[in-house]
There are 4 protein chains.
Amino acid sequence: MPKVSQTYLDSRRAEILDAALECFSREGFHRTTMQDIVEQSGLSPGAIYNYFASKEEIIEAIADERHAREQQMIVARSSEGALAALVQIGREFLNSLQDPAERKRRRVTLQLWAEALRNPRVLRTVRRGISGPRKALGDLVAHAQKRGEIPMALDPDAIARVMIAVFQGLILQLAWDTETQVEPYIKAAEALFSGLPLSKRGARQTLRKR
Amino acid sequence: MPKVSQTYLDSRRAEILDAALECFSREGFHRTTMQDIVEQSGLSPGAIYNYFASKEEIIEAIADERHAREQQMIVARSSEGALAALVQIGREFLNSLQDPAERKRRRVTLQLWAEALRNPRVLRTVRRGISGPRKALGDLVAHAQKRGEIPMALDPDAIARVMIAVFQGLILQLAWDTETQVEPYIKAAEALFSGLPLSKRGARQTLRKR
Amino acid sequence: MPKVSQTYLDSRRAEILDAALECFSREGFHRTTMQDIVEQSGLSPGAIYNYFASKEEIIEAIADERHAREQQMIVARSSEGALAALVQIGREFLNSLQDPAERKRRRVTLQLWAEALRNPRVLRTVRRGISGPRKALGDLVAHAQKRGEIPMALDPDAIARVMIAVFQGLILQLAWDTETQVEPYIKAAEALFSGLPLSKRGARQTLRKR
Amino acid sequence: MPKVSQTYLDSRRAEILDAALECFSREGFHRTTMQDIVEQSGLSPGAIYNYFASKEEIIEAIADERHAREQQMIVARSSEGALAALVQIGREFLNSLQDPAERKRRRVTLQLWAEALRNPRVLRTVRRGISGPRKALGDLVAHAQKRGEIPMALDPDAIARVMIAVFQGLILQLAWDTETQVEPYIKAAEALFSGLPLSKRGARQTLRKR
DNA sequence: GATGAATGAGGATTCATTCAT
DNA sequence: AATGAATGAATCCTCATTCAT
């Protein structure tokens, strides 16, 4: 029986990750020192090392956290059609922009993308974060092809990857320019995918009316 | 070795940047030490500091170099239509994949994207690197709209940004997985933009035949 | 070694300053490396930087310490007359020569005098170190003038400065030649100031008898 | 027969020393880099090393130059009496203050005093710079003693050293505070030494009338 | 579990000096 | 003699991590 409750431990861990996220967002992984995290969290170095074995491990934990969140957001929630799912995701994405905390997180996401090139564990997390949506979207496309809505000549997986790219690009563009207008971007993306045609007419109508 | 020619100086500078690119590609900006660049270049620390005031400045020079290259690659070369330009760019991109040096460079590009969040000069370079193609593509779309090929309701700039996103996403996906198949991706992207319809039929045909 | 007492911290700080003084005395500020201080103190570089932000700050702390010590030594302790005070100071100075540690310190004092030309904080400290005695001595002279012991035509502050110069010159001469005889120098200085006449006869007698 | 005239060589050497003096005055010996001297002199590093084997040697040459100048200034020019000589020196000193170049030089002098603690050659030069005037002044005092003008009990050399101290202190005080008033200081010093009495009445009169 | 002073290898940068031209 | 690019040891300082309390 531990001296303190698991709840306590979990909340301490979360505090550290919050502090780290804040620092990473402001200064990047490499310019952030453990001392920065110490100050941001109000804990001591020793305390932090009780929860994480290294700075690297904190970065990896942040990656896991991000991955879990995005997974949750992107995972297709609709079997109605690919476009409907995309539109849904787009909407959520749009809403998340209201949250300043989410802006910070997106900056960290971009850093994780670069970090993935160096850190195999981060790479694995990033890849896993994509493979889910990629598969889901690919399946939707394949379904649409069976229904004759999309030419069989196209690779469903490739289309899924292009769809994901549209989101990745938006994240990049937003990170570099917070003034970036999201609404027209989403509309343009929608127009593209409706023209494929990737979806039933219904889905398109729904979005248009919004 | 006094009073050397400007050509000599330029080639030394280029050597240093090459060495730095190699190191950055392998280890990332922050894990690369000046000593690494020293060893890779075969020069001495002092020599390198004769050409660049700091490691930061090397990173910025790399950004400028990348920017110039990509500018040159992406800038629309065709007035035939947006799709033709895109296809052309896609082809070049495809070809560049044969060059292992280009793979290295793309890894560095991704790092520059993250670096832009911290370094205002890199940010400016990255933004400039996008603004050119963005404007060029936007103009093409606007033209197509005047000719009635694309609905006026869509924002030309937004469409341009989506197009750019498709390339950015491909760069990301390739960086994380060198096995990534480029050909199907390009085809899928082409299908999307032909459905818009963004281009004349002719352009689409060209691509199909390749 | 967490949560240590303030006393502990103070004594560590003092240890570092002692080590630095030793090094500075031997090699001068600029030839002394942090590594020298590390070795002399038996601490690690990091430990030292926990107490001082830079080598410069150590020099400034040494200046403060010197200033405090000299302040304490020179500040007039006698209201009997300027000469008595001077004699007193001269005696203490003489005694301090017995202490080999004091020899070291005086060498550092000379370096601080030069450093003051470059480092505004050191300059301020050096100036403050003079302004106290200068004012005190000036007041004594002014008093003597009121009592008619010194011609009103002379500037009390100027006389104070000359007195101080006599000590400064002695410090210089001692630094360059440890064989320098202090006793005759003090006697000669005393003769000068008694002739002014700066003091009551009594004070002069006191000195003579020693 | 050399390729260039000795005059040419000498003037180059002087240029370098002038440039070095300028730099040393501004930044001190140790903060001045050879590159600073290169820029100040308009020569190249290689050229400078043709004239001086090391930075150290430049410092030593500066010391020699200073020494020669001061020697020339201080060396007793009068056999009329110690005071007359001192007054003369004081006057010259006073005049030299008008020359801004001289202010620079005095700052360097102070640095040489500190440097003497580390560099035996500089020490020797500094000592030689003092020993001349010291001996000259000591002789004057001894003469006055023989004539019964000064008590035999005082050490002539000690009095000479006190006199020198009065100048040294003035140099220090001027270096730290360019506002320092020289005139009252000189007057006060004169009053001291006239009271000794160190000189004939005449000398004192001369000064008073000025 | 927490604390925070200490560790010390490592890193960016400097700069006196050299030497091929 | 002059040039100035190159050298590379030396230096200041950082910071992830440890561990005695």
Side-chain angles (χ1 to χ4, degrees), chain A residues 2-5 8-9 12 30-39 42-58, chain B residues 1-5 8-9 12-13 30-38 41-58, chain C residues 1-5 8-9 12-13 30-38 41-58, chain D residues 2-5 8-9 12 30-39 42-58:
Chain A
K3 302 234 181 86
V4 302
S5 70
Y8 174 86
L9 292 178
R12 277 280 150 130
H30 302 286
R31 284 215 240 282
T32 294
T33 68
M34 287 304 277
Q35 191 54 33
D36 290 337
I37 300 176
V38 162
E39 277 155 26
L43 299 175
S44 64
I48 291 177
Y49 276 88
N50 276 339
Y51 293 88
F52 298 95
S54 66
K55 185 180 164 183
E56 203 77 346
E57 207 170 82
I58 295 180
Chain B
M1 205 181 293
K3 237 6 173 200
V4 296
S5 67
Y8 173 89
L9 293 177
R12 273 286 149 121
R13 198 187 129 99
H30 302 286
R31 285 213 239 284
T32 294
T33 69
M34 287 306 280
Q35 192 53 35
D36 291 338
I37 300 176
V38 162
S41 67
L43 297 175
S44 62
I48 291 177
Y49 279 89
N50 276 343
Y51 293 88
F52 299 95
S54 64
K55 186 177 162 185
E56 202 78 347
E57 208 172 81
I58 297 181
Chain C
M1 204 181 291
K3 235 7 173 200
V4 297
S5 67
Y8 174 89
L9 293 176
R12 273 284 148 122
R13 199 187 128 98
H30 302 286
R31 285 215 239 283
T32 294
T33 69
M34 287 305 280
Q35 193 52 36
D36 291 337
I37 300 177
V38 162
S41 66
L43 296 174
S44 62
I48 291 176
Y49 280 90
N50 276 343
Y51 292 87
F52 299 95
S54 65
K55 187 178 160 184
E56 202 76 348
E57 207 172 82
I58 296 181
Chain D
K3 304 233 181 86
V4 302
S5 70
Y8 175 86
L9 293 178
R12 277 282 150 127
H30 302 286
R31 285 214 240 281
T32 294
T33 69
M34 288 303 278
Q35 190 54 33
D36 291 337
I37 300 176
V38 162
E39 278 156 25
L43 299 176
S44 64
I48 291 177
Y49 277 87
N50 277 340
Y51 293 89
F52 298 94
S54 66
K55 184 179 165 185
E56 204 76 347
E57 209 170 80
I58 296 181

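- For the pair F52(A) CZ and dG1(E) P, the interatomic distance rounds to 15 Å; values are reported in whole Å.
- Minimum heavy-atom separation, I48(B) to S41(B): CD1-OG, 3.9 Å.
- Distance from the side chain of Y49(C) is smallest for dT14(F) among the nucleotides dT14(F), dA2(F), dA6(E).
- Looking at every heavy atom in both residues, H30(D) comes nearest to H30(C) through CD2-CD2, 3.3 Å.
- Among all heavy-atom pairs drawn from Y51(B) and E57(B), the shortest one is O-OE1, 4.3 Å.
- Between the CE atom of M34(C) and the P atom of dT7(E) there is a distance of 14 Å, rounded to whole Å.
- Distance from the side chain of N50(B) is smallest to dA6(F) among dC15(F), dA6(E), dA6(F).
- Contacts of R13(C) classified as salt bridge (Lys or Arg N to Asp or Glu O under 4.0 Å), with partners at least two apart in sequence or in another chain: none.
- Where R31(B) and G46(D) meet DNA chain E, the nucleotide closest to each residue was compared, and R31(B) sits on the side nearer the 5' end.
- Proximity note for T33(D) (side chain, C-beta onward) versus dA16(E), dA6(F), dA16(F): the nearest is dA16(E).
- Using a 4.0 Å heavy-atom cutoff across all strands shown, Y51(B) reaches sugar-phosphate atoms only and no base atom.
- Computed from coordinates, the E57(A) CD to dT17(F) C1' distance equals 13 Å when rounded to whole Å.
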Query - Step-by-step side chain to side chain contact (heavy atoms under 4.5 Å, CB included) determination, I58(D) to M34(D) - result: CA-CA 10 Å; I58(D) 296 181; M34(D) 288 303 278; 4.0 Å; yes

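- The side chain of Y8(B) has dA5(F) as its nearest neighbour among dA6(E), dA5(F), dA12(E).
- Side-chain atoms of P45(B) lie closest to dT14(E) of the nucleotides dC13(F), dT14(E), dA6(F).
- DNA chain F is contacted by both A53(C) and L43(D); L43(D) maps to the nucleotide lying nearer its 5′ end (nearest heavy atom per residue).
- Atom pair D36(B):CG and dG11(E):P shows a separation of 8 Å (rounding to whole Å applied).
- Whole-Å rounding puts the I48(B) CD1 to dG8(F) P distance at 13 Å.
- Comparing T32(B) and A47(C) along DNA chain E, the residue whose closest nucleotide (by nearest heavy atom) sits nearer the 5' end is A47(C).
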Report task. Show the numbers, then the answer: is there a side chain to side chain contact (heavy atoms under 4.5 Å, CB included) between L43(C) and R12(C)? Result -> CA-CA 9 Å; L43(C) 296 174; R12(C) 273 284 148 122; 3.2 Å; yes

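- Here the P atom of nucleotide dA12(E) and the NE2 atom of H30(A) are 13 Å apart, to the nearest Å.
- In this structure, of dG4(F), dT17(F), dA6(E), it is dG4(F) that holds the atom nearest to the side chain of S44(D).
- Per the geometry, NZ belonging to K55(A) stands 15 Å off P belonging to dT18(F), to the nearest Å.
- The distance from atom CD of Q35(B) to atom P of dA9(E) is 17 Å, rounded to the nearest whole Å.
- Distances were taken from every side-chain heavy atom of V4(C) (C-beta onward) to each of dA5(E), dT14(E), dA16(F); the shortest belongs to dA5(E).
- Secondary-structure annotation of DNA chain E gives the stems E:2-21 with F:2-21, with a stem taken as at least 3 successive Watson-Crick or G-U pairs whose two distances both fall under 3.5 Å.
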